[in-house]
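Everything below concerns the one structure shown next.
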There are 2 protein chains.
Amino acid sequence: METTRLEGHLRDRLADCCEEDVDARIEELSALSGSVPDEERGDLSALSVLSDGTRYRLARYLAAAEGELCVCELTELVAVSESATSHALSDLAGAGLVTRRKDGQWRYYDATERTERLLGALDATRGER
Amino acid sequence: METTRLEGHLRDRLADCCEEDVDARIEELSALSGSVPDEERGDLSALSVLSDGTRYRLARYLAAAEGELCVCELTELVAVSESATSHALSDLAGAGLVTRRKDGQWRYYDATERTERLLGALDATRGER
DNA sequence: CGGCTATCTGAATGGTTGTTCAAGTATACA
DNA sequence: TGTATACTTGAACAACCATTCAGATAGCCG
């Protein structure tokens, strides 16, 4: 780890500093590098996909509905073209946020656990600083 | 609610359909419109801000660290310029994902409950479809 | 088969965004 | 007061993205 300026900060903050204190802190910080999970990419795609208004609303509707909804029902609920809805649902499915089931000419979608937990996390932390 | 094609679907799916069944289903769908919270905008900005690799990693480090971390510690951990780190932290603060405390010439950041819950939701739903 | 319906896919495009560079605060210290 | 350090802010530019339009696929029914 590059530690030019960081060491200055640590020496300053750890006041009566011995080399060991600084080294210990640097060790702590190095350990933090491991706190980013291997599935970072999957996490980012889930967040990114949910962060679009259309897809967010589709996810909300699917999470709120009792069971599955089909594309034409969903298209009624969001205010974009059918093609945009299809693109959006495809992105959601690709990120593991919804399931897709084919039944004759209809295609049914439903929210996954991952979607429900993410939306739940947002709902649980409203109006905090 | 516009219901040209939707009604066709409903009639088809509700098999021996009476007008009441269709109307009831349309009523159900209308009720779903209310399932999008007023804070949609805040939710979207939180998700959008977290969906960038740099900001995601900063959030992870802050959530994993025992207490606060200062900018120069964080800059060591992510592989971008100090300016980019500052921009990223500013965005995180704006979305309510981190807190900011000034102490002399140092600036300390920490993860909020919202960040911890969102990351927790991701961690809890690994490897499911 | 042939027409109809539901949904998907690809290309094009206007708008958004993350990074860096350069300059600006603000605090510490001599 | 002057210099150094820590961090922020603004502008600029390349890269990315959501939508739409047009055309494709696939199941249903006569």
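Not measured: the values here are computed from a predicted model. Heavy atoms only: backbone and side chains are in, while hydrogens, waters and symmetry mates are out.
- Summarising the geometry, the separation between NZ on Lys102(B) and P on dA6(D) is reported as 16 Å, rounded to the nearest angstrom.
- Distance CG (Asp103(A)) to C1' (dA26(D)): 14 Å, rounded to an integer number of Å.
- Ranking dT20(D), dT8(D), dT19(C) by closeness to the Ala84(B) side chain, first place goes to dT19(C).
- Partners of Arg57(A) by side-chain hydrogen bond (donor to acceptor under 3.5 Å, both in side chains), not counting sequence neighbours, listed by chain and number: Glu40(B).
- Phosphate contact (OP1/OP2 of dT8(D), side-chain N/O of Tyr109(B), threshold under 4.0 Å): present.
- If you measure from atom CG of Leu89(B) to atom P of dG18(C), you get 14 Å, rounded to the nearest angstrom.
- The CG atom of Leu118(B) lies 10.0 Å from the CD atom of Glu113(B); values are rounded to the nearest 0.5 Å.
- Atom-to-atom, CH2 of Trp106(B) to P of dA26(C) comes out at 18 Å; the value is rounded to the nearest Å.
- The interatomic distance linking Gln105(A) (CD) with dG3(C) (C1') rounds to 13 Å, in whole Å.
- Distances were taken from every side-chain heavy atom of Ser83(B) (C-beta onward) to each of dC21(C), dT19(D), dC7(D); the shortest belongs to dC21(C).
- Atom P of nucleotide dT9(C) and atom CG of Asp91(A) are separated by 11 Å, given to the nearest angstrom.
- Partner Leu32(B) forms a side chain to side chain contact (heavy atoms under 4.5 Å, CB included) with one of Leu74(A), Leu62(A), Leu77(A) and no other, that one being Leu77(A).
- Contact check for Tyr61(A) versus Leu29(B): no side-chain heavy atoms found under the 4.5 Å cut-off.
- Each of Gly104(A) and Arg107(B) was matched to the nucleotide of DNA chain D holding its nearest heavy atom; the match closer to the 5' end belongs to Arg107(B).
- Every side-chain hydrogen bond (donor to acceptor under 3.5 Å, both in side chains) that Asp123(A) has, sequence neighbours left out, goes to Arg60(A), Arg126(A).
- Comparing dC7(D), dT20(D), dT19(C) against the side chain of His87(B) picks out dT19(C) as the nearest.
- A heavy-atom distance below 4.0 Å to DNA chain D is reached by these residues of residues 40-59 of chain A, ordered by number: Asp52(A), Thr54(A), Arg55(A).
- Here the closest non-hydrogen pair linking Leu44(A) and Leu50(B) is CD2-O, 3.8 Å.
- One interatomic measurement links the two molecules: CZ of Arg100(B) to C1' of dC7(D), which rounds to 9 Å at whole-angstrom precision.
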Yes or no on side-chain contact (heavy atoms from CB on, under 4.5 Å) for Cys70(A) and Glu73(A), after CA distance, side-chain angles and deciding distance?
CA-CA 5 Å; Cys70(A) 87; Glu73(A) 288 174 312; 4.1 Å; yes
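- Taking atom CD on Glu82(B) and atom P on dA22(C), their separation rounds to 15 Å, with Å as the unit.
- When distances run from any side-chain atom of Val80(A) to the nucleotides dT19(D), dC7(D), dT27(C), the shortest one goes to dT19(D).
- Under 3.5 Å, the side chain of Ser81(A) and the base of dC21(D) form no donor-acceptor pair of N or O atoms.
- Look at Tyr108(A) and you won't find any side-chain N or O under 4.0 angstrom from OP1 or OP2 of dA6(C).
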